[in-house]
Structures are given as C-alpha cells and as structure tokens.
Number of protein chains: 2
Amino acid sequence: MSDNLSNAKKHTDLSTFIAEKIREDILTGTLVADDRLPSESELSEAHGVSRATVREALKRLAAQSLIRTKRGATGGAFVNRLTFHDAYPQMASTASLLITLNEVDIATACEARFALERGCVRLAAQNRQDIHLDIMRREIARQKDPDLSDEDFCASDVAFHRALVDAAGNPVLSWQLAAAVEGIEPLMNMITYRQRDRDAVVSLHEAMLEALGSRVGSRLETLMDYLRDQTLRTALS
Amino acid sequence: MSDNLSNAKKHTDLSTFIAEKIREDILTGTLVADDRLPSESELSEAHGVSRATVREALKRLAAQSLIRTKRGATGGAFVNRLTFHDAYPQMASTASLLITLNEVDIATACEARFALERGCVRLAAQNRQDIHLDIMRREIARQKDPDLSDEDFCASDVAFHRALVDAAGNPVLSWQLAAAVEGIEPLMNMITYRQRDRDAVVSLHEAMLEALGSRVGSRLETLMDYLRDQTLRTALS
DNA sequence: GTTTGACAAATTGTCAGACATTTAACTTGC
DNA sequence: GCAAGTTAAATGTCTGACAATTTGTCAAAC
C-alpha cells in the first residue's frame with residue numbers, strides 16, 4: 001500500500017492524522033451536518049491505509065460526537081448536527097471529571113458557579129418569559145417538602161437555577177452554566193442541609209422569583225450574593 | 001471466542017461498551033491517574049473480544065483525553081491526569097464548533113462572553129496579583145501599535161481578558177472563561193476594527209487596569225458593560 | 001394492483017493472524 | 001565499568017475473511 005501520507009507529521013499515528021483531517025473538513029464546512037462520509041473501504045483507499053486504521057479514526061470522531069454511524073445498505077458515517085442540547089452532558093461530564101480529578105474544594109467550585117450565574121441575572125431579568133417563572137415556582141414548591149432527600153433537594157435546586165439561566169435566552173450561556181452547575185452537582189450532593197438551611201435557601205429563591213418577575217436585575221445580583229454566602233456557610237459547617 | 005458479554009446492552013457495539021466500562025473505572029476511581037491499563041492482548045482476552053475491537057475502544061478514550069498510549073517495552077495505555085490546563089483546548093474547540101455549527105450570531109456570543117466575564121471581575125479585584133497587572137499592561141502596549149493586524153489585535157485582546165479572569169484565582173472560572181473567550185475568537189476575528197474603535201477599546205482597557213489595580217470591583221463591572229456595548233457597536237457596524 | 005417473500009447488494013461490526021516499529025531491559029565482549 | 005548488540009514486550013498497521021444489519025429489487029401469489 002503506497003505511503004502517500006509520508007509528508008505528514010512524523011510522530012503521530014495514522015488514525016490520529018486521518019481523524020484530524022476529517023475533523024478539519026467538518027470545522028471548515030467542507031462537510032456539513034448530515035453529510036455522509038465515504039464508506040470505510042473508500043476512505044481506506046483514498047488515504048492509502050487499511051480499513052482498520054480508518055475505523056480507528058472514525059471511532060475517535062464518534063467519541064467526540066462529530067459523527068454517527070449506521071449499518072446496512074444506506075448506512076455509513078454521517079456528520080452530526082451537534083446541538084447545544086446534545087453537548088450538555090458531554091460538557092457536564094468533563095467538568096465533573098476535572099473537578100474530582102483535581103480535587104477542587106467545594107468553596108472554589110461554589111465560588112465559580114455563583115460568579116458565573118451572577119453574570120447572567122441581568123440578562124435573565126431582561127429576557128425572561130412566564131414559563132421560566134412557572135418552572136421556578138414549581139421547584140420552590142418541591143423544595144418546601146420537608147420529606148425531600150438531600151439529593152432530591154439538590155436536584156431541584158439545579159432545576160431552579162437552570163431555569164434562571166435559561167431565562168437569559170442565550171444558548172451559549174445556558175450551555176456553559178449547565179456545565180458549571182451540573183458539573184459540581186456531585187460536590188453539592190455531599191452537603192447536608194439542616195431544615196434551617198433549607199428554609200434560608202427557599203426564602204432566597206422566593207425573593208429571586210419575585211425579582212425576576214418584576215425584572216429587577218440589580219436585586220437579583222444582591223440575592224445571588226446572599227445565596228452564595230448561605231451555600232458556603234452550609235457547605236463548610 | 002466466548003460471548004461473556006451477551007448480557008450487555010444489545011444495541012451498542014462492543015467497542016462502545018468496553019470503552020464505557022473502562023471510563024466507569026476511571027470515573028469511580030478504580031483506575032487513577034498514571035495507572036497502566038492491561039495490554040491490548042490482555043484486555044481482548046479479558047473481555048472476550050478481538051484486539052481490533054479493544055483498540056477501537058481505546059481510541060475512543062484517547063479522543064476524550066482520558067488515556068494516552070506509549071509504544072515499546074514499558075509502553076501501554078495510561079490513565080491521563082487531565083489537568084485544567086490540558087482541558088482548555090478541548091473545551092475551546094468544542095465551544096467553537098458549537099458556535100459555528102449552530103450559526104450563533106456574534107451578538108449572542110458577545111453577550112454570553114461579557115456576561116460570564118462580568119461575573120468574575122469582583123473576585124478578580126479581590127484576588128489579583130501584580131503579575132496579572134503586568135500582563136495586562138504589556139498587552140495594552142501591544143494594542144496601541146497601529147500596525148497590528150486585526151487578528152493580532154484580537155489575540156492580544158484575548159490575552160488581556162485571560163489575565164483578567166486568571167486574576168480571580170479560581171481554576172474553574174479560568175477554564176470556563178477560556179472556552180467562552182477563545183471559543184468565540186473565530187467570530188471576533190471577523191470584526192474589522194477602525195482606528196477609532198481600537199482607541200475606544202484600549203482606553204477602556206486602561207481604565208480596567210486601573211480599577212483592578214485599586215481593587216474597585218464595581219467600577220470594573222461598569223467598564224465591562226461599556227466594553228460590551230463598544231464591542232457590539234463595532235461588530236455590527 | 002397490491003402484498004408477500006426470497007434474494008442480492010452495500011455497509012458497518014467483528015475476528016484471526018501476521019508483520020512493522022518502538023522502547024526498555026538484558027547480555028555479551030572488551 | 002562501558003559500549004554495542006540482542007531480546008522481549010508493547011503498540012501500530014495490514015490483510016482477508018465472515019457476521020449482522022438494512023435497503024432495494026423482483027417475482028410470485030392473491
């Protein structure tokens with residue numbers, strides 16, 4: 001098999017190289033969403049490598065959600081659409097991994113989360129829809145249930161803040177915050193909430209709901225600061 | 001070869017399944033950083049699949065930076081340490097891909113970037129070191145050079161804001177903002193700066209440097225708002 | 001005309017075995 | 001003790017085959 005790749009980078013394996021090349025085509029728009037790549041046999045001929053090598057390259061791309069594969073007559077590898085929604089879990093999982101592997105303490109994680117969220121609240125106050133208020137009202141009601149487990153309380157908290165961020169109406173913000181908030185959920189899950197702590201959080205949530213309803217961004221910022229302090233106190237107690 | 005995987009999920013291929021299994025081991029701490037995985041042959045025997053399938057699984061993990069491989073006698077697949085620093089490019093590249101593939105307009109991207117960055121400036125004012133001021137001073141000096149290309153001006157802008165965010169002293173924040181700022185760099189690169197626009201940006205940067213130096217967070221927030229408006233005006237003109 | 005069923009074709013998924021390449025450790029000769 | 005060659009272990013690559021899945025085609029039956 002001819003080595004028409006001999007001019008390539010010397011010290012990377014072929015599957016990386018080929019994956020990189022296809023990735024380029026996707027990034028530059030040569031290949032667009034739902035395009036079908038050539039079959040594995042065609043790719044192996046085109047690049048002068050074996051089918052096994054091509055497959056390894058395709059697996060790399062699949063692991064990054066850049067392509068999907070389908071078997072059968074009309075099957076093959078197709079360029080993924082990669083919506084923000086699809087990228088949520090990937091992002092959150094990476095964030096979670098980074099935080100646990102690097103032993104980030106809960107104070108640092110909280111600080112980051114509230115700092116980012118604080119940046120969104122003015123936009124949220126400006127762009128919020130009624131549906132966001134409805135979601136937040138519903139979650140507050142759940143949070144008032146004293147029989148809720150700490151884990152469920154935390155999950156409801158995430159949903160509440162997710163709605164707050166979504167209210168900003170900016171998909172990029174929602175995506176980034178989803179990572180920040182959901183990525184540190186494992187850490188938050190280790191917090192033990194006493195009833196007094198929960199009451200404090202819930203009343204802050206209610207105040208935030210009202211501020212968002214009347215579109216007072218500056219009030220929301222102040223409340224976020226209170227909430228950050230409250231959460232830190234609870235976490236470190 | 002026996003099918004001791006027959007109890008697995010039916011509709012996913014084996015390489016996905018095996019990759020998922022190893023990924024679990026890393027996430028749960030069964031495998032920790034720098035641990036060596038069994039060799040490909042051993043893995044193929046252990047899972048009852050061929051070596052080719054194991055390799056595809058390993059390529060998937062490598063594409064997510066979860067493992068690295070080394071050739072030779074003491075080689076093999078090793079669990080990656082995955083520091084925040086290593087995750088920067090991965091994150092920025094995903095952000096960039098999402099933004100281009102979903103045709104996010106420059107206004108939305110800018111809005112997100114400045115909203116997030118605004119959330120950091122109070123922390124930055126609180127925790128900044130002299131080195132951050134030095135970096136920012138240096139970049140401002142570069143930005144005053146009228147012969148600088150738009151692209152270089154933009155790159156210097158990124159470095160300036162990177163220093164601002166790093167001043168907050170929170171690795172989680174730095175990581176997230178790196179994605180936001182560098183991910184939209186391709187979009188920012190399409191902006192044409194007139195000299196008047198550059199002057200406006202530079203004078204805002206100078207004011208921010210001074211505010212950060214004297215640790216006045218609220219002033220920084222105001223300046224960020226000006227900068228956002230200025231950037232949007234430039235971008236949309 | 002429509003449905004049904006069998007078959008062919010295309011494509012990915014998996015396997016087995018081989019050889020190439022790289023790297024570290026070991027052995028040997030001096 | 002040191003240098004050079006040898007060996008062993010591991011990943012990287014190739015080849016050819018077969019299995020599994022999906023769609024299309026075509027003919028026969030109704």
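Letters A, B, ... mirror the listed sequences (proteins, then strands); counts begin at 1. Scope of the values below: all heavy atoms of this structure, side chains included, with no hydrogens, waters or symmetry mates.
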Next on the checklist: Going by side chain to side chain contact (heavy atoms under 4.5 Å, CB included), name the residues that satisfy it together with A/Glu111, two or more places apart in sequence or in a different chain.
Outcome noted: B/Leu123, B/Asn170
Checklist entry - Among D/dG12, D/dC14, C/dA16, which nucleotide sits nearest the side chain of A/Thr53? => result D/dC14
Checklist entry - In whole angstroms, how far is the C1' atom of C/dC19 from the CD atom of B/Glu40? => result 15 Å
Item to check | B/Asp145 and B/Arg142: CA distance, side-chain angles, deciding distance, salt bridge (Lys or Arg N to Asp or Glu O under 4.0 Å) verdict | outcome: CA-CA 6 Å; B/Asp145 177 2; B/Arg142 289 196 63 202; over 6 Å; no
Quick test: give all pairs of protein nitrogen or oxygen and nucleotides 5-7 of chain D nitrogen or oxygen below 3.5 Å, distance rounded to 0.1 Å.
none

Checklist entry - Partners of A/His205 by ring-ring contact (aromatic ring centres under 6.0 Å, His included), sequence neighbours excluded? => result A/Phe160, A/His161
Checklist outcome for this item: Ranking C/dT14, C/dT11, D/dT13 by distance to the side chain of A/Ser39, first place goes to C/dT11
Next on the checklist: Using whole Å, what does the distance between atom P of nucleotide D/dG12 and atom CG of B/Leu43 come to?
Outcome noted: 13 Å
Next on the checklist: Please list, in numerical order, the residues of residues 62-74 of chain B that have a heavy atom closer than 4.0 Å to any atom of DNA chain D.
Outcome noted: B/Thr69, B/Lys70, B/Arg71, B/Gly72, B/Ala73
Checklist entry - Should A/Met136 and A/Leu164 count as side-chain neighbours, where that means a heavy-atom distance under 4.5 Å? => result yes
Item to check | Residues B/Arg137, B/Asp130: salt bridge by 4.0 Å N-O rule | outcome: no
Checklist entry - Quick one: side-chain hydrogen bond (donor to acceptor under 3.5 Å, both in side chains) partners of A/Thr16, sequence neighbours excluded? => result A/Asp13, A/Arg60
Item to check | Position toward the 5' end of DNA chain D (nearest nucleotide), B/Arg36 or A/Ser15 | outcome: B/Arg36
Next on the checklist: Checking the side chain of A/Ser156 only, and the main-chain atoms of A/Asp152 only, is there a donor and an acceptor separated by less than 3.5 Å?
Outcome noted: no
Checklist entry - Does any N or O donor sit under 3.5 Å from an N or O acceptor when you compare the side chain of B/Arg51 with the base of D/dG12? => result yes
Checklist entry - With respect to the phosphate group of D/dG12, does any side-chain polar atom (N or O) of B/Arg55 fall under 4.0 Å of OP1 or OP2? => result yes
Item to check | Derivation and outcome, side chain to side chain contact (heavy atoms under 4.5 Å, CB included), residues B/Met188 and B/Arg113 | outcome: CA-CA 11 Å; B/Met188 302 290 276; B/Arg113 173 200 153 167; 3.4 Å; yes
Next on the checklist: Contact between B/Val121 and B/Val165 at the side-chain level, heavy atoms closer than 4.5 Å - yes or no?
Outcome noted: no
Checklist entry - Would you say the side chain of B/Val158 lies within less than 4.5 Å of the side chain of B/Val181, judging by non-hydrogen atoms? => result yes
Item to check | Strand DNA chain C as a dot-bracket string - pairs counted if Watson-Crick or G-U with both distances under 3.5 Å, | where the partner lies in another strand | outcome: ||||||||||||||||||||||||||||||
